[in-house]
Chemist: 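Pasting a structure here, questions to come.
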Protein chains: 2
Amino acid sequence: MKLLTRDTDYAVRALIFIGKANKRKIGIITVDEIVRSLNLPKALLRKLLQTLSKNKILKSGRGKHGGFSLLKDPGKINVSDIISIFQGPVDFTNCLLRNEPCPNRKVCRVRKKILSLSGYVDRELKKITLSSLT
Amino acid sequence: MKLLTRDTDYAVRALIFIGKANKRKIGIITVDEIVRSLNLPKALLRKLLQTLSKNKILKSGRGKHGGFSLLKDPGKINVSDIISIFQGPVDFTNCLLRNEPCPNRKVCRVRKKILSLSGYVDRELKKITLSSLT
DNA sequence: CCTTAATGATACTATTTTAGTATCATTATA
DNA sequence: TATAATGATACTAAAATAGTATCATTAAGG
Ligand code: FES
Ligand code: FES
């Protein structure tokens with residue numbers, strides 16, 4: 001039972017790399033540089049970073065000397081965000097009777113339990129920020 | 001991001017059904033009865049119940065008047081058990097650098113965080129017993 | 001015994017999600 | 001204007017999930 005897919009994992013690793021570089025005042029990082037350091041499949045990583053750009057996690061520059069840098073403060077980027085982007089929001093409340101419109105949804109204690117569990121996990125994942133990782 | 005696959009979901013629903021029947025002193029339930037009540041695909045449900053038997057959750061009887069009943073006390077069957085059977089154990093510690101043997105595994109705070117999160121989720125899921133569901 | 005009604009074992013197919021590739025278009029710099 | 005970067009997009013491959021089919025075995029009951 002895994003929590004993160006490979007997309008999320010690669011994305012986080014790339015973000016850590018970019019975050020570290022930004023810390024050392026290296027403003028812009030290219031896909032090639034990340035690939036050289038982390039040994040990830042280039043075509044895939046490009047796709048992932050493009051997705052992160054669309055989702056306002058990264059800023060991108062095109063053309064010669066283009067590349068990526070963090071758009072937000074590393075303290076404001078967290079694992080829950082990245083999961084949301086690649087795997088959908090952290091939400092476990094696909095209830096056990098999901099196919100039928102569960103009759104006792106409102107009072108069901110299980111649902112309440114799963115709901116609170118899900119909330120807890122999400123809050124904890126939100127605490128794992130990029131700055132805590134670099 | 002979902003927590004339960006359909007296998008787990010179906011299995012839990014079937015177990016709830018069997019548990020309720022057992023409560024009413026109906027000892028043995030057939031796959032057909034469950035299928036009639038819950039409208040699940042029969043061939044699939046058979047496979048799932050067979051798996052539950054192999055895993056000592058259900059007791060099965062063959063031949064005429066055969067069927068399934070709970071092997072363990074419903075208070076001792078929980079959602080974590082069922083997830084373990086169909087999705088592998090509740091364990092989120094596929095670490096972020098999983099491909100390499102992560103150098104700082106021992107001291108990594110993220111790993112510790114994920115580890116404790118995973119433990120927490122597992123403990124909570126263990127509290128959701130079949131008896132709490134019926 | 002023989003029929004019937006149940007699960008056991010197992011192999012197979014189909015669908016969906018995840019993982020990964022390829023290509024052309026666009027843009028900025030030198 | 002050549003080059004080196006990302007944007008957009010469409011495609012393929014692999015793995016996990018979901019579902020089916022079939023024959024073997026077993027127990028009950030006439
Ligand atoms: S199982 Fe659906 S609300 Fe409880
Ligand atoms: S990321 Fe692997 S141990 Fe921290």
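In the text below, chain A, chain B and the rest are named by the order of the sequence lines, each starting its count at 1. Bear in mind that the values here come from a model prediction, so they are computed numbers and not experimental data.
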Chemist: So if I take residues 19-30 of chain A and measure heavy-atom distances to DNA chain C, which residues fall below 4.0 Å?
Modeler: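 Nucleic-acid contacts, sorted: none.
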
Chemist: Distance check needed: C:dT18 P versus A:L4 CG, whole Å only.
Modeler: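 Computing the A:L4:CG to C:dT18:P distance gives 12 Å.
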
Chemist: According to a strict under-4.0 Å criterion, is B:Y10 in side-chain N/O contact with OP1 or OP2 of D:dA18?
Modeler: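 For D:dA18, OP1/OP2 do not have a side-chain N/O of B:Y10 under 4.0 Å.
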
Chemist: Shorter than 3.5 Å, N or O on both sides, protein versus nucleotides 23-25 of chain C: list them out with atom names.
Modeler:
none

Chemist: Under 4.0 Å between a side-chain N or O of A:S60 and OP1 or OP2 of D:dA5?
Modeler: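 Answer is no, no contact under 4.0 Å.
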
Chemist: In whole angstroms, how far is the C1' atom of C:dG8 from the NZ atom of B:K64?
Modeler: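 Between C1' of C:dG8 and NZ of B:K64: 20 Å.
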
Chemist: Nearest-nucleotide wise, let me know which of B:K42 and B:Q87 is further upstream toward the 5' end of DNA chain D.
Modeler: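 It is B:Q87 whose nearest nucleotide is closer to the 5' end.
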
Chemist: Please tell me if A:T5 has a side-chain N or O lying less than 4.0 Å from either OP1 or OP2 of C:dT17.
Modeler: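 The answer is no; no side-chain N or O of A:T5 sits under 4.0 Å from OP1 or OP2.
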
Chemist: Is the shortest heavy-atom distance from the side chain of A:D32 to the side chain of A:K42 under 4.5 Å?
Modeler: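 Yes, side chains in contact.
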
Chemist: Hey, is NZ on A:K20 packed in by over 12 heavy atoms from elsewhere, all under 6.0 Å?
Modeler: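 At most 12 heavy atoms, drawn from other residues, nucleotides or ligands, come within 6.0 Å of this atom.
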
Chemist: Look at the side-chain N and O atoms of B:H65 and state whether any lies under 4.0 Å from the OP1 or OP2 oxygen of D:dG29.
Modeler: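 The answer is yes; a side-chain N or O of B:H65 sits under 4.0 Å from OP1 or OP2.
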
Chemist: Are the side chains of B:D7 and B:L44 in touch, meaning some heavy atoms are under 4.5 Å apart?
Modeler: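 Side-chain contact under 4.5 Å: yes.
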
Chemist: Using atom types as modelled, flag every donor-acceptor pair under 3.5 Å from a side chain in residues 66-81 of chain A to any protein atom, sequence neighbours excluded.
Modeler:
residue	atom	partner	partner atom	Å
A:D73	OD1	A:G75	N	2.6
A:N78	OD1	A:S80	N	3.0
A:N78	OD1	A:D81	N	2.9
A:N78	ND2	A:D81	OD2	3.2
A:S80	OG	A:D122	OD1	2.6
A:S80	OG	A:K126	NZ	3.4
A:D81	OD2	A:N78	N	3.2

Chemist: List for me each residue that meets salt bridge (charged side-chain N to carboxylate O under 4.0 Å, His left out) alongside A:K59, sequence neighbours excluded, and say none if there are none.
Modeler: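 Testing A:K59 for salt bridge (charged side-chain N to carboxylate O under 4.0 Å, His left out), a comparison that skips the adjacent residues, returns none.
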
Chemist: Can you list the residues that meet the side-chain contact (heavy atoms from CB on, under 4.5 Å) rule with A:S132, with sequence neighbours excluded?
Modeler: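 Only A:I128, A:T129 meet the side-chain contact (heavy atoms from CB on, under 4.5 Å) criterion with A:S132.
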
Chemist: Quick one: which protein N/O atoms are closer than 3.5 Å to N/O atoms of nucleotides 10-15 of chain C? Pair and distance per line, please.
Modeler:
none

